[in-house]
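Shown next, in structure tokens, is the structure this report addresses.
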Amino acid sequence: MHSFGYRANALLTFAITILALMCAMASLSDNFNTPTPSAQVQVLNINWFQKQPNGNDEVSMTLNISADLQSLFTWNTKQVFVFLAAEYETPKHSLNQISLWDGIIPSKEHAKFWIHTSNKYRFIDQGSNLRGKEYNLTMHWHVMPKTGKMSADKIVMSGYRLPAEYR
């Protein structure tokens, strides 16, 4: 006859093996989801565009941000972190990214949204490189699953330009 300790060990090992198998299957099932998120950003107004005393350019803008990220959610999604970044080139750097807004989407019910806001974070370039500069607004997201690996993607929206003169 087997002892209590031996039986408990066998039962615990079996339960952990089944749990690990279920987590692996949950993680693999996310590979079958093909999300089709959409986003649109409208720059309503450049509130101010100025040169700071230290020589850096600073921009404040009013934005309409609308997105439908519901397709990112599966039964394995815990939450989605989303942020909007301004991306542009300068002579020194081929890619400059500045986060303008961010948020955490806790559920599928909150994944379709429309926000009227000014940039949450300061849009500052270290130098005088922003006058008349073309830039892209990029919606980035990171899907945080309950189990498995995180995934990230983005939508790039081009065709934006800053004023040629300070306001």
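A quick note: this is a predicted structure, and the numbers were derived from the prediction, not measured. Just so you know, residue 1 is the first one in the sequence shown, and it goes up from there. For the numbers below, each heavy atom of this structure counts, side chains included, while hydrogens, waters and symmetry mates do not.
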Hey, are the side chains of T62 and H116 touching, using non-hydrogen atoms and a 4.5 Å cut-off? yes
Measuring only between side-chain heavy atoms, which start at C-beta, is I124 closer than 4.5 Å to D57? no
Decide whether V43 and F83 are clustered together by the hydrophobic rule: side chain heavy atoms of Ile, Leu, Val, Met, Phe, Trp, Tyr closer than 4.5 Å, transitively. no
Determine whether the side chains of N96 and T90 contain a donor N or O and an acceptor N or O closer than 3.5 Å. yes
Do P145 and M150 come within less than 4.5 Å of each other through their side chains, counting heavy atoms only? yes
W75, CH2: over 12 other non-hydrogen atoms inside 6.0 angstrom: yes
May I ask you to check whether H110 and S107 show a side-chain donor-acceptor distance below 3.5 Å? yes
Applying the 4.5 Å side-chain criterion to the ILVMFWY set and letting contacts propagate, would V143 and F73 be lumped into a single cluster? yes
Which value, rounded to the nearest 0.5 Å, describes the distance between N45 atom CG and L63 atom CG? 10.0 Å
Return the minimal non-hydrogen interatomic distance between F81 and M144, and the atom names on each side. CB-CE, 3.5 Å
Between T138 and E87, do the side chains contain an N or O donor and an N or O acceptor separated by less than 3.5 Å? yes
Quick one: closest heavy-atom pair of N56 and G127, and the distance? OD1-N, 3.1 Å
For I98, the option from F123, Y135, Y121 that meets side chain to side chain contact (heavy atoms under 4.5 Å, CB included): F123
Residues W114, N64; criterion side-chain contact (heavy atoms from CB on, under 4.5 Å); working and verdict: CA-CA 7 Å; W114 178 86; N64 274 348; 3.5 Å; yes
So, do M61 and F49 sit near enough that their side-chain heavy atoms are less than 4.5 Å apart? no
Lys/Arg N to Asp/Glu carboxylate O, R131 vs E165, below 4.0 Å: no
Between S60 and I46, is the side-chain contact (heavy atoms from CB on, under 4.5 Å) condition met? List the steps. CA-CA 6 Å; S60 172; I46 303 293; over 6 Å; no
Output the distance between atom NE2 (H142) and atom CG (D102), rounded to the nearest 0.5 Å. 10.5 Å
Minimum side-chain heavy-atom gap T74-F32 below 4.5 Å: no
Does a sphere of radius 6.0 Å around CD in Q52 hold more than 12 heavy atoms from other residues, nucleotides or ligands, not counting ones at 6.0 Å or beyond? yes
Shortest non-hydrogen contact from N33 to S71? ND2-O, 3.3 Å
With side chains defined as the heavy atoms from C-beta onward, is the minimum distance between T77 and L72 less than 4.5 Å? no
Using a distance-only test with no angle check, is there a side-chain donor-acceptor pair under 3.5 angstrom linking K51 and S128? yes
Hey, does the side chain of K112 reach the backbone of S66 with a donor-acceptor pair shorter than 3.5 angstrom? no
Output for pair (I16 CD1, L21 CG), nearest 0.5 Å, gives 13.5 Å
Do M139 and K154 make a side-chain contact, defined as non-hydrogen atoms from C-beta onward lying under 4.5 Å apart? no
Test side-chain contact (heavy atoms from CB on, under 4.5 Å) on Q97 and H140 and set out the steps. CA-CA 11 Å; Q97 290 181 317; H140 296 262; 3.8 Å; yes
Walk me through whether V59 and N47 qualify under side-chain contact (heavy atoms from CB on, under 4.5 Å). CA-CA 8 Å; V59 182; N47 301 329; over 6 Å; no
Closest non-hydrogen contact found for L84 with I65 is CD2-CD1, 3.9 Å
Should we count CD of Q40 as having more than 12 external heavy atoms under 6.0 Å? no
Within-4.5 Å side-chain heavy-atom neighbours: W141 and I105: no
T147 and N76 have their tightest heavy-atom pair at O-ND2, 2.9 Å
Heavy-atom pair of closest approach, residues N129 and K133: O-CE, 3.1 Å
In chain order, what residues pass the salt bridge (charged side-chain N to carboxylate O under 4.0 Å, His left out) check against R161, with sequence neighbours excluded? E134
Calculate, to the nearest 0.5 Å, the distance between atoms CG and CG belonging to D125 and L130 respectively. 4.0 Å
Taking atom CD1 of I115 and atom NZ of K120, what is their separation to the nearest 0.5 Å? 9.0 Å
For the atom pair CZ (F113) and CD (Q70), what is the distance rounded to the nearest 0.5 Å? 10.5 Å
